[in-house]
Amino acid sequence: MVENIYLDGIKKTENLNNSQKNRLKNKKLRVNIADNENRSHLKEGILIKLSRTEGDSLQLAKTINKPTLPRNAQFSITLGFVALFIFSILFSLGNGQADISFTDIWQILLYKTTHGALGSIDNVNQSVINIIWFVRTPRVLAAIFIGCGLAISGTVMQAVVQNPLADPYILGISSGASLGATFAIMVGFGTASIFSQISLSFSAFLGALLATFFVLLLSSFGGKMTSIKLVLSGTVINSIFGSISSLIVFLANNAEGMKTVTFWSMGSLASASWGKLPLLAIVTMLVSVFFSFQFRVLNTMLLGDEAAVTLGIPLATYRKLYMVIASLLTGLIVANSGMIGFVGLIIPHIVRGVYGSDHKKLLPMSGFVGALFLVWTDLLSRVLLPNTDLPIGILTAIIGAPIFIYIILKKEYRFGG
């Protein structure tokens, strides 16, 4: 028998009989017993699972694992990430097919962001100004928002389905978004205008939502959803939606459309522009902020349905809501960059190993590290091959696939890292 309780004044517990209360008192645990009407979500404390063992003794086991590193080490690593993030932006802006000095980059950014009030570009070549401001700056910003969005989506999906192998690409959601984007492109929505971008993003969102529905439905057949069934369902949906996308391209007989759809299938940030950034930035920031305030519910999801029932949290409702919002973000990202796989899978695992499984830290740091990862991946895609822009989806797959294999082979893996 298992009873879920909160320590340090957290309100909700299930009803305990007098004998159980006395045992808890003897253990010197501070427990607040509350009625069903006084249910509340997780607060700062850690949910403890109190389990009965042989000899009628009680032992405490923390359900949400502690971080693998002490706080001082976490703080130092965070400062290192921030410094690396600033350096990465400047380094990415300065390197590519044409190398540009940091002095010119600083002067251009200062002049453009202040509308000429600060900085001077009189001694800077106009071609350099165009490269920095109209090509590389939008591209780096797109990498930041897309990397953040993919990592946030992956973190949320792993909690929602209670499966560390979940991410938008593996679950087929990116494929569904690509199908929606393919359909929108073939009927004429592909320009940089606001209306076209909204139509393209909405089509990608519908495709992602449809893929999400079929993956969850298929993996639920025949009993409880398992990791193997979820991955296999995602593979099936991925193949089906990919085939439908190819069929649309074949029947359309549109050379320009075929070229554009090829871009979606491999993923790239080459089309990033100032006109496309506002919608991507606003939605990514809003979704990130929303999920950051949902860390209590996401933590409860890791504990399972029984704990949620005890706390009075309707997990089924939250699961549907979170999957819809994650699908919205995934659809928008695919509409802007195509299919970029494995970011939502590998980044949460890396961050979990440093900061633990508590979503209060895991979510913002996953978004931050995801942005950092994609900035460097985009830079590599521009410099690895001379005079060639390598699709970024190829690089993320090369990096992510071996890590995915490692996760599958490491059978003892849990959410605690």
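What you see is a predicted model; the values in this text were computed from it and never measured. Basis for what follows: all heavy atoms, side chains included, without hydrogens, waters or symmetry-related copies.
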For [X] and [Y], which heavy atoms make the closest approach, and how far apart are they?
{"X": "W376", "Y": "S88", "value": "NE1-OG, 2.5 Å"}
{"X": "F241", "Y": "S175", "value": "CB-OG, 3.3 Å"}
{"X": "G370", "Y": "I347", "value": "N-CG2, 3.7 Å"}
{"X": "V351", "Y": "M365", "value": "CG1-CB, 3.7 Å"}
{"X": "I105", "Y": "L93", "value": "CD1-C, 3.8 Å"}

Does any part of the side chain of [Y], heavy atoms only, come nearer than 4.5 Å to the side chain of [X], both counted from C-beta?
{"X": "L363", "Y": "I152", "result": "yes"}
{"X": "V324", "Y": "F205", "result": "yes"}
{"X": "I237", "Y": "L171", "result": "no"}
{"X": "V215", "Y": "V236", "result": "no"}
{"X": "M157", "Y": "M323", "result": "yes"}
{"X": "L280", "Y": "T284", "result": "yes"}
{"X": "L302", "Y": "H359", "result": "yes"}
{"X": "I282", "Y": "L286", "result": "yes"}

Residue pairs fulfilling salt bridge (charged side-chain N to carboxylate O under 4.0 Å, His left out) with at least one residue in residues 145-164, sequence neighbours excluded: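 Matches after skipping sequence neighbours: none remain.
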Between [atom1] of [X] and [atom2] of [Y], what distance do you get to the nearest 0.5 Å?
{"X": "N123", "Y": "D104", "atom1": "CG", "atom2": "CG", "value": "9.0 Å"}
{"X": "L216", "Y": "T212", "atom1": "CG", "atom2": "OG1", "value": "6.5 Å"}
{"X": "L395", "Y": "L384", "atom1": "CG", "atom2": "CG", "value": "6.0 Å"}
{"X": "S288", "Y": "F145", "atom1": "OG", "atom2": "CZ", "value": "9.5 Å"}
{"X": "M339", "Y": "I333", "atom1": "CE", "atom2": "CD1", "value": "13.0 Å"}
{"X": "K320", "Y": "I325", "atom1": "NZ", "atom2": "CD1", "value": "14.5 Å"}

In this structure, are over 12 heavy atoms from other groups packed under 6.0 Å from [X] atom [atom1]?
{"X": "D99", "atom1": "CG", "value": "yes"}
{"X": "F75", "atom1": "CZ", "value": "no"}
{"X": "F213", "atom1": "CZ", "value": "no"}

Working for side chain to side chain donor-acceptor pair (under 3.5 Å), residues S273 and R139: CA-CA 7 Å; S273 66; R139 184 162 179 161; over 6 Å; no
Trace of the side-chain contact (heavy atoms from CB on, under 4.5 Å) decision for I240 with F214: CA-CA 11 Å; I240 294 174; F214 281 120; over 6 Å; no
Pair T78-Y355, side chain to side chain donor-acceptor pair (under 3.5 Å): steps then yes or no: CA-CA 10 Å; T78 303; Y355 297 94; 2.6 Å; yes
Within residues 94-141 or reaching into it, pairs that qualify as ring-ring contact (aromatic ring centres under 6.0 Å, His included) - sequence neighbours excluded: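 Residue pairs with at least one partner in residues 94-141: W133-W274.
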Steps toward side chain to side chain donor-acceptor pair (under 3.5 Å) verdict (Q294, Y322): CA-CA 10 Å; Q294 299 295 309; Y322 292 170; 2.6 Å; yes
Candidate pair S92 and R382, rule side-chain contact (heavy atoms from CB on, under 4.5 Å), full reasoning: CA-CA 10 Å; S92 182; R382 288 188 274 126; 2.6 Å; yes
